[in-house]
Amino acid sequence: QVQLVESGGGLVQAGGSLRVSCAASGRTSSSYAMGWFRQAPGKEREFVAGISWSGGRTIYADSVKGRFTISRDNAKNTVYLQINNLKPEDTAVYHCAADRTLGRTAPSYEYWGQGTQVTVSS
């Protein structure tokens, strides 16, 4: 069992930066691949970025490449998502997820956090 808790969301002006975090707990949480997804009101949950358990492989949605950076610190059991040059369309609840394998789709992840709200003002 893996528990995930996101933090770091908030209200930011367009063009600004934000780093959201996901703290994982559970005996083997550092051996899981991690993903970030986001869900805006009235829209489906969307894949944003993923990272392998070692951190050696990262994947991104095309829409965020160059602005979003995923990283992890296994000593702290924490995964980060650095978001630069924020745009109003980035407004969403950001969720982290964990699974044994790295994937791009929500059904491929077994464990989920409750999410943290990111709001970008224009």
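- Summarising the geometry of S17 relative to N84, their closest heavy-atom pair is OG-OD1, 3.1 Å, with the distance given to 0.1 Å.
- Judged by distance alone, the side chain of T78 and the main-chain N or O of K76 form a donor-acceptor pair under 3.5 Å.
- Listed for the E6 side chain is a donor-acceptor partner under 3.5 Å among the backbone atoms of C96.
- Residues passing the ring-ring contact (aromatic ring centres under 6.0 Å, His included) test with Y111 are Y32, sequence neighbours excluded.
- Contact of the V79 side chain with the W36 side chain is registered, since non-hydrogen atoms from C-beta on lie closer than 4.5 Å.
- Annotation: side chain to side chain contact (heavy atoms under 4.5 Å, CB included) contacts of E89 (sequence neighbours excluded): K87.
- When V118, L18, D90 are each tested for a side-chain contact (heavy atoms from CB on, under 4.5 Å) with V12, only one passes: L18.
- Remark: S63 engages R38, E46, A61 in a side chain to side chain contact (heavy atoms under 4.5 Å, CB included) (not counting sequence neighbours).
- The nearest pair of heavy atoms linking A92 to A40 is CB-N, 3.8 Å.
- The shortest non-hydrogen separation linking G103 to S108 is CA-OG, 3.9 Å.
- Taking OG from S7 and CD from Q114, the interatomic distance works out to 13.5 Å, rounded to the nearest 0.5 Å.
- Side-chain contact between T58 and Y60 is present, with heavy atoms from C-beta onward closer than 4.5 Å.
- In terms of the side chain to side chain contact (heavy atoms under 4.5 Å, CB included) criterion, residue partners of Q117 (sequence neighbours excluded) are, by chain and number, T91, V93, T119.
- Other members of the hydrophobic cluster containing Y109, listed by chain and number, are F37, F47, I59, L102, W112; membership follows side-chain contacts under 4.5 Å among ILVMFWY residues, whether direct or relayed.
- Between the D99 side chain and the E110 main chain, a donor and an acceptor come within less than 3.5 Å of each other.
- Of the possible donor and acceptor atoms, one in the side chain of N74 sits under 3.5 Å from a partner among the backbone N and O of W53.
- Summarising the geometry, atom CZ belonging to R67 is positioned 6.0 Å from atom CG belonging to N85; distances are rounded to the nearest 0.5 Å.
- Closest approach of M34 and A98 over heavy atoms only: SD-CB, 3.4 Å.
- Contact annotation: the side chain of V48 approaches that of F68 to within less than 4.5 Å [non-hydrogen atoms, C-beta and beyond].
- For the 3.5 Å distance criterion, the side chains of S31 and R100 qualify, holding a donor opposite an acceptor.
- Considering only residues two or more places apart in sequence or on other chains, R19 meets the salt bridge (Lys or Arg N to Asp or Glu O under 4.0 Å) condition with none of them.
- A side-chain N or O of Q3 and one of S25 form a donor-acceptor pair less than 3.5 Å apart.
- Taking 4.5 Å as the limit, some side-chain heavy atom of D73 sits within range of a side-chain heavy atom of Y80.
- The distance from the CG atom of L86 to the OG atom of S121 is 9.5 Å, given to the nearest 0.5 Å.
- Remark: side-chain polar atoms of R72 are paired, donor with acceptor, to backbone N or O of S52 under 3.5 angstrom.
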